[in-house]
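Written out below as structure tokens is the structure these notes cover.
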Amino acid sequence: MERTKIKALLELGTSPGQVLVKGWVRTKRDSKDFSFLEINDGSCLANIQVIAGNDLANYEDVQRLTTGSAVGITGELVESPGKGQKWEIQAGSAEVISIAPEDYPLQKKRHSDEFLRSIAHLRPRTNKYGAAFRIRSEMAYAIHKFYRDKGFRYLTSPLITGSDCEGAGEMFRVTSLSPAQVAEDGKMDFGKDFFGQESNLTVSGQLSAEMFALSLGDVYTFGPTFRAENSNTSRHVAEFWMLEPEMAFCDLAGNMDHGEELVKTLVGHAMEHCEADMNLFGKFVDKSLPALLKTLMDEEFARLPYTDAIEILEKSGKKFEFPVAYGIDLQSEHERFLAEEYFKKPVFLINYPREIKPFYMRMNDDEKTVAAMDLLVPRIGELIGGSQREERLDRLEARMDEMNLPKDDYWWYLDSRRYGTAPHSGFGLGFERFLMMITGITNIRDVIPFPRTPGSIDF
RNA sequence: UCCCCAGUAGCUCAGUUGGCAGAGCAAUUGGCUGUUAACCAAUGGGUCCGCGGUUCAAGUCCGUGCUGGGGAGCCA
């Protein structure tokens with residue numbers, strides 16, 4: 001008999017008669033002559049209830065089943081007389097696939113996130129983490145679908161890069177030199193290294209994406225990104241996934257339109273296709289989540305020049321730990337005030353002072369600000385960071401000189417401004433931060449399967 | 001990297017002015033004819049994070065290290 005997934009079973013309108021399910025025992029409740037088994041196979045949040053009676057040939061084995069054990073159950077799918085579920089299975093036979101011993105760490109009660117993080121290999125077996133990672137999977141699909149529907153091309157940008165000057169943060173060095181060789185040479189002789197020069201894990205696929213946007217039109221990258229920053233916060237990990245669209249012939253306004261449409265589409269997809277899993281988060285993780293999701297879907301995102309933001313902050317009457325003044329980079333508390341208290345919805349902050357932004361952002365006509373945009377979201381902070389790119393060769397080179405960047409290393413990047421340059425824009429969206437936003441999960445380590453953080457690379 | 005907090009049974013936690021190590025859940029055993037984190041009863045379970053110190057006496061006070069959490073910076 002062929003196995004049916006529990007998700008498919010629970011969606012049935014009428015019973016097909018005999019079915020076979022395979023999964024893991026979440027809990028067992030015994031009566032004198034029979035047991036209730038709750039079986040979960042990961043296909044959905046819900047369990048299927050199994051009634052295993054003492055008429056089973058191996059009932060003694062069934063009684064020894066513990067939480068976490070793996071079983072195969074064949075039996076008739078019948079309407080449940082009990083409350084709480086539509087269907088249940090009257091077991092005709094039960095295969096004990098494996099018994100989880102008594103030291104199985106997961107119990108049928110609630111565990112703390114901290115404890116579950118220490119058993120990250122087992123936590124997807126819980127309701128909350130199972131739901132989180134089903135949603136993560138579905139959102140990855142939704143991203144590809146969104147872009148395919150819009151005619152974008154998917155670019156797999158390289159993970160190993162040749163320059164250490166992308167400027168987005170500390171990088172992880174990639175080398176094939178052995179420690180013994182380095183000791184012998186008394187230094188890291190990159191000439192002897194695999195690529196013949198220093199190489200690192202990527203901090204962004206943006207520069208690659210720009211080359212392809214100026215070739216294929218609209219492209220996006222979606223993949224892992226690495227930062228060797230010693231960041232110890234609930235919003236940073238050393239390895240995370242970033243979505244980076246890059247669009248030719250697109251200005252800053254178009255960039256914002258695109259970001260807003262993306263967020264609204266993804267949230268809508270989650271609510272439509274992950275309803276049960278999403279409801280868990282609205283109910284047990286963050287009661288204010290449904291309201292936030294509604295805001296994300298229904299409200300137009302605010303758009304605000306940096307200069308106006310400074311003015312709002314200065315006039316707010318709020319006492320900030322870090323004083324507000326034109327020219328400063330906004331602190332977390334400032335961003336939170338704007339998104340959570342002032343606008344109470346996502347807000348694009350645009351046109352930052354040139355001094356606090358990277359070389360590739362397009363200089364505005366005022367010569368003081370650049371066409372940058374950050375999307376600030378309640379509770380999350382910066383979800384998107386992007387800009388219209390500087391497409392004018394002379395302006396770009398001037399900026400690089402200003403910031404003492406080695407233009408020779410960027411010869412290929414500058415080529416794109418020599419040959420057929422055109423206005424273009426793009427941004428990066430932190431995939432994990434997006435997942436935090438739509439689930440209400442407050443620690444980024446809990447939306448990525450096996451988090452990498454300073455001093456921690458178990459699993 | 002900086003600031004703050006925490007570490008006691010498998011898990012979640014209590015432990016008073018320094019004076020015998022505790023509870024709930026889980027586990028184990030038994031009971032129960034339909035349960036819903038089932039219920040009832042019994043039983044077992046401890047490097048009080050490590051190291052050093054103060055003291056007649058330290059889970060408790062002091063120093064130090066490690067681990068975890070919250071916040072800040074960096075940013076996605």
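Worth saying up front: this structure is predicted, and the values here are computed from it rather than measured. In what follows, chains carry the letters A, B, and so on, assigned in the order in which the sequence lines appear, proteins first and then strands, with residues in each chain numbered from 1.
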I'd like to know if the side chain of E335(A) pairs up with that of Q331(A) as donor and acceptor (distance under 3.5 Å, no hydrogens or angles considered).
no
Consider only side-chain N and O atoms of H269(A) and Y141(A), and report whether a donor and an acceptor are under 3.5 Å apart.
no
Sub-6.0 Å ring centroid separation between F222(A) and F431(A):
yes
Polar atom pairs between nucleotides 41-51 of chain B and protein, under 3.5 Å, N or O only, would you list them?
none

I need a per-nucleotide contact map over nucleotides 67-72 of chain B, read 5' to 3'. Cutoff is protein heavy atoms under 4.0 Å; write B for the base, S for backbone only, - otherwise.
-SSSBB
Quick one: list whatever passes ring pair (Phe, Tyr, Trp, His ring centres under 6.0 Å) with F34(A), sequence neighbours left out.
F36(A)
Aromatic ring of F240(A) stacked on base six-ring of A76(B), 5.5 Å, 30°:
yes
Have N364(A) and T369(A) got a donor and an acceptor in their side chains that come within less than 3.5 Å?
yes
With the side chain of S112(A) defined as its heavy atoms from C-beta on, choose the nearest nucleotide among G34(B), C75(B), U12(B).
U12(B)
Tell me, please, which residues at least two apart from D113(A) pass salt bridge (Lys or Arg N to Asp or Glu O under 4.0 Å).
K128(A)
Contact class for L106(A) (heavy atom, under 4.0 Å): base, sugar-phosphate, or nothing?
nothing
Do F146(A) and H258(A) make the cut of ring centroids closer than 6.0 angstrom?
yes
How far, in whole Å, is G46(B) from A41(B) if one measures between their C1' atoms?
25 Å
Indicate, yes or no, whether a donor-acceptor pair under 3.5 Å links the base of C32(B) to the side chain of R29(A).
no
Just to be sure I understand the rule, does F115(A) reach a base, reach only the sugar-phosphate, or reach nothing, if contact means heavy atoms closer than 4.0 Å?
sugar-phosphate
Return the residues of residues 75-86 of chain A meeting this criterion: a heavy atom under 4.0 Å from some atom of RNA chain B. Order them by number, or give none.
S80(A), P81(A), G82(A), K83(A), Q85(A)
Residues forming a side-chain contact (heavy atoms from CB on, under 4.5 Å) with E382(A), sequence neighbours excluded:
D374(A), L376(A), R433(A)
Among residues at least two apart in sequence or on other chains, which ones pass side-chain contact (heavy atoms from CB on, under 4.5 Å) with V324(A)?
I310(A), L313(A), E314(A), F320(A), H334(A)
Under 3.5 Å, is there a donor on one side chain and an acceptor on the other for T225(A) and R227(A)?
no
Pairwise C1' distance, G71(B) and U55(B) [rounded to whole Å]:
37 Å
What parts of residues 48-71 of chain A reach RNA chain B, counting only heavy atoms under 4.0 Å away?
Q49(A), I51(A)
Taken in chain and number order and not counting sequence neighbours, the residues that satisfy side-chain contact (heavy atoms from CB on, under 4.5 Å) with T221(A) are L155(A), S157(A), A209(A), E244(A)
Return the nucleotide paired to A23(B): Watson-Crick means purine N1 to pyrimidine N3 with N6-O4 or O6-N4, wobble means G-U with N1-O2 and O6-N3, both under 3.5 Å.
U12(B)
Determine whether a donor-acceptor pair (N or O, by modelled atom type, separation under 3.5 Å) exists between the side chain of R445(A) and the backbone of S234(A).
no
Only counting residues at least two apart or in another chain, list the ones meeting salt bridge (Lys or Arg N to Asp or Glu O under 4.0 Å) with R148(A).
none
With A100(A) via side-chain contact (heavy atoms from CB on, under 4.5 Å) - residues at least two apart:
T66(A), S69(A), Y104(A)
Is K108(A) near enough to A37(B) that one of its side-chain N or O atoms lies under 4.0 angstrom from OP1 or OP2?
no
Assign each of I444(A) and L330(A) the nucleotide of RNA chain B bearing its closest heavy atom; nearer the 5' end lies the nucleotide of L330(A)
Name all pairs fulfilling the salt bridge (charged side-chain N to carboxylate O under 4.0 Å, His left out) condition that reach into residues 18-31 of chain A, sequence neighbours left out, sorted by first residue then second.
K28(A)-D30(A), R29(A)-E38(A)
Tell whether H111(A) reaches the base of C11(B) with its side chain through a donor-acceptor pair below 3.5 angstrom.
no
May I ask you to say what E239(A) touches in the nucleic acid, namely base, sugar-phosphate or nothing, with a heavy-atom cut-off under 4.0 Å?
nothing
Provide the distance between the two P atoms, one in C48(B) and one in C32(B), to the nearest whole Å.
41 Å
In terms of side-chain heavy atoms of R227(A), which of A76(B), A37(B), C74(B) is nearest?
A76(B)
Of G34(B), A38(B), G24(B), the nucleotide closest to the side chain of K109(A) is G24(B)
Candidate nucleotides A27(B), A76(B), C11(B), ranked by approach to the side chain of E102(A) - the nearest:
A27(B)
